[in-house]
Trainee: 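The structure follows.
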Amino acid sequence: MFVVGVMPEAAGSVTAFPKNHYLHLMDKRLQAIIVVGLGGVSSAAMGARLLGVHLGLERFVNMMIFACCAVGIQLLWSTGSFHLSPLRRFLGIALAIYILSLMFQLMHWPFVPILMGVALFAMMGIYGYHFYLKPTKGTRDILRLLVVLITITMFGLIRLQWIADWHGQWTASGIVTLAALEYLLNPRDSIPDLDPEQRSPGDAPVDEDAELK
């Protein structure tokens, strides 16, 4: 169904808006609020721990950090353009190598750091190339690149037990929260799945993969 609206800058012109466009925007905005809230509370708790104040809520804080990262990454994935890119197919290969490295780790087989390193560097390289292909790179694009690089790096270091868990978790949730806050402040800025430019049904279709070519 469509809701018909009149654009104020073009008097007399009528534009069809998808009825679920507004619901979609509200849903993503709510997700961003949840991520920012969880990230803020968990960051405050981690800051207190860093100062030597132990609140005895470590398990609860860890759950908040996990929820913050899970909801935040899903938000960034669904509102970004990477899921439209052909490069996402190569991400599946990198994920398969990473899962193989986890199996090697569980079985205490050798070459775990090599396999895990190859998989994680491949993931960062794939998204880095996607970032390079973008014709314009704004604050949102840079933040999303940082989310990928920092989150993957921290997760790999934690799995290899090279840093303390809470250090890596705090760093990852912090950058995810920052990216969600930027989305919350600019929810309509260059989002492929929210921005069909509100064109009328008679207009020529827009090539959604234009920025990926």
Trainee: Taking atom types as modelled and ignoring hydrogens, do the side chains of Arg144 and Thr79 form a donor-acceptor contact shorter than 3.5 angstrom?
Mentor: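 Side chains of Arg144 and Thr79: pair found under 3.5 Å.
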
Trainee: Between Lys28 and Leu75, is there a side-chain heavy-atom distance shorter than 4.5 Å?
Mentor: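 They are in contact (side-chain heavy atoms under 4.5 Å apart), so the answer is yes.
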
Trainee: Can you see which heavy atom on Ala32 is nearest to which on Ala180, and at what distance?
Mentor: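 Closest pair (atom of Ala32, atom of Ala180, distance): CB-O, 3.8 Å.
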
Trainee: Could you state whether Ile34 and Met63 fall into the same hydrophobic cluster, counting links through intermediate Ile, Leu, Val, Met, Phe, Trp or Tyr residues with side-chain heavy atoms under 4.5 angstrom apart?
Mentor: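 Different clusters: Ile34 never reaches Met63 through Ile, Leu, Val, Met, Phe, Trp or Tyr contacts under 4.5 Å.
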
Trainee: Can you name the nearest heavy-atom pair linking Ala45 to Val61, along with the distance?
Mentor: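 For Ala45 and Val61, the tightest heavy-atom pair comes out as CB-CG2, 3.6 Å.
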
Trainee: Consider side-chain contact (heavy atoms from CB on, under 4.5 Å). Of Leu181, Leu184, Val176, which one does Val35 pass it with?
Mentor: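 Exactly one option meets the side-chain contact (heavy atoms from CB on, under 4.5 Å) with Val35, and it is Val176.
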
Trainee: Which heavy-atom pair separates Ile126 from Ala94 by the least distance, and what is that distance?
Mentor: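 Looks like CD1-CB, 4.5 Å.
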
Trainee: When clusters are formed by joining ILVMFWY residues with side-chain heavy atoms under 4.5 Å apart, either directly or through shared neighbours, do Tyr129 and Leu95 land in the same one?
Mentor: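 Yes, Tyr129 and Leu95 fall within the same hydrophobic cluster.
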
Trainee: List for me each residue that meets ring-ring contact (aromatic ring centres under 6.0 Å, His included) alongside Tyr127, sequence neighbours excluded, and say none if there are none.
Mentor: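 Expected list: Phe82, His130.
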
Trainee: Count I, L, V, M, F, W, Y as connected when their side-chain heavy atoms are under 4.5 Å apart, and connections chain through other members. Are Phe66 and Leu38 then in the same cluster?
Mentor: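 No.
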
Trainee: Name each donor-acceptor pair under 3.5 Å that joins a side chain in residues 98-114 to protein atoms two or more places apart or in another chain, with its distance.
Mentor:
unit_1: Ser101; atom_1: OG; unit_2: Tyr98; atom_2: O; d: 2.5
unit_1: Gln105; atom_1: OE1; unit_2: Arg159; atom_2: NH2; d: 2.9
unit_1: Gln105; atom_1: NE2; unit_2: Arg159; atom_2: O; d: 2.9

Trainee: Using the side-chain contact (heavy atoms from CB on, under 4.5 Å) criterion, which residues pair with Ala164? Sequence neighbours excluded.
Mentor: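 side-chain contact (heavy atoms from CB on, under 4.5 Å) list for Ala164, sorted by chain: Trp166, His167.
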
Trainee: Just jot down the side-chain contact (heavy atoms from CB on, under 4.5 Å) partners of Thr153, sequence neighbours excluded, or say none.
Mentor: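 Listed in chain order: Met124, Leu157.
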
Trainee: What pair of heavy atoms forms the shortest contact from Ser42 to Ser173, and how long is it?
Mentor: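 Minimum heavy-atom separation between Ser42 and Ser173: OG-OG, 4.5 Å.
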
Trainee: At their closest point, which heavy atom of Gly39 faces which heavy atom of Thr177, and how far apart are they?
Mentor: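 Taking Gly39 first and Thr177 second, the nearest heavy atoms are CA-OG1, 3.3 Å.
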
Trainee: Going through the distances and angles, do Met154 and Ile163 end up as a side-chain contact (heavy atoms from CB on, under 4.5 Å)?
Mentor: CA-CA 8 Å; Met154 292 300 107; Ile163 62 172; 3.9 Å; yes

Trainee: Can you name the residues that form a side-chain contact (heavy atoms from CB on, under 4.5 Å) with Phe131, not counting sequence neighbours?
Mentor: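 So Phe131 forms a side-chain contact (heavy atoms from CB on, under 4.5 Å) with Lys137, Asp141, Ile142, Leu145.
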
Trainee: Measure the spacing between CG of Asn186 and OG1 of Thr139 and express it to the nearest 0.5 Å.
Mentor: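 The distance works out to 8.5 Å.
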
Trainee: Return the minimal non-hydrogen interatomic distance between Gly168 and Ile158, and the atom names on each side.
Mentor: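 Heavy atoms of Gly168 and Ile158 come nearest at CA-CD1, 3.8 Å.
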
Trainee: Leu76, Met123: one ILVMFWY side-chain cluster at the under-4.5 Å cut-off?
Mentor: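 Same cluster.
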
Trainee: Of all residues at least two apart in sequence or in a different chain, which pass the side-chain contact (heavy atoms from CB on, under 4.5 Å) check with Ile175?
Mentor: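 Partners of Ile175 under the side-chain contact (heavy atoms from CB on, under 4.5 Å) test: Leu143, Leu146, Val147, Ile150, Thr151, Leu178.
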
Trainee: So if you build clusters from Ile, Leu, Val, Met, Phe, Trp, Tyr with side-chain heavy-atom gaps below 4.5 Å, do Ile93 and Leu87 land together?
Mentor: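 Result: yes, single cluster for both.
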
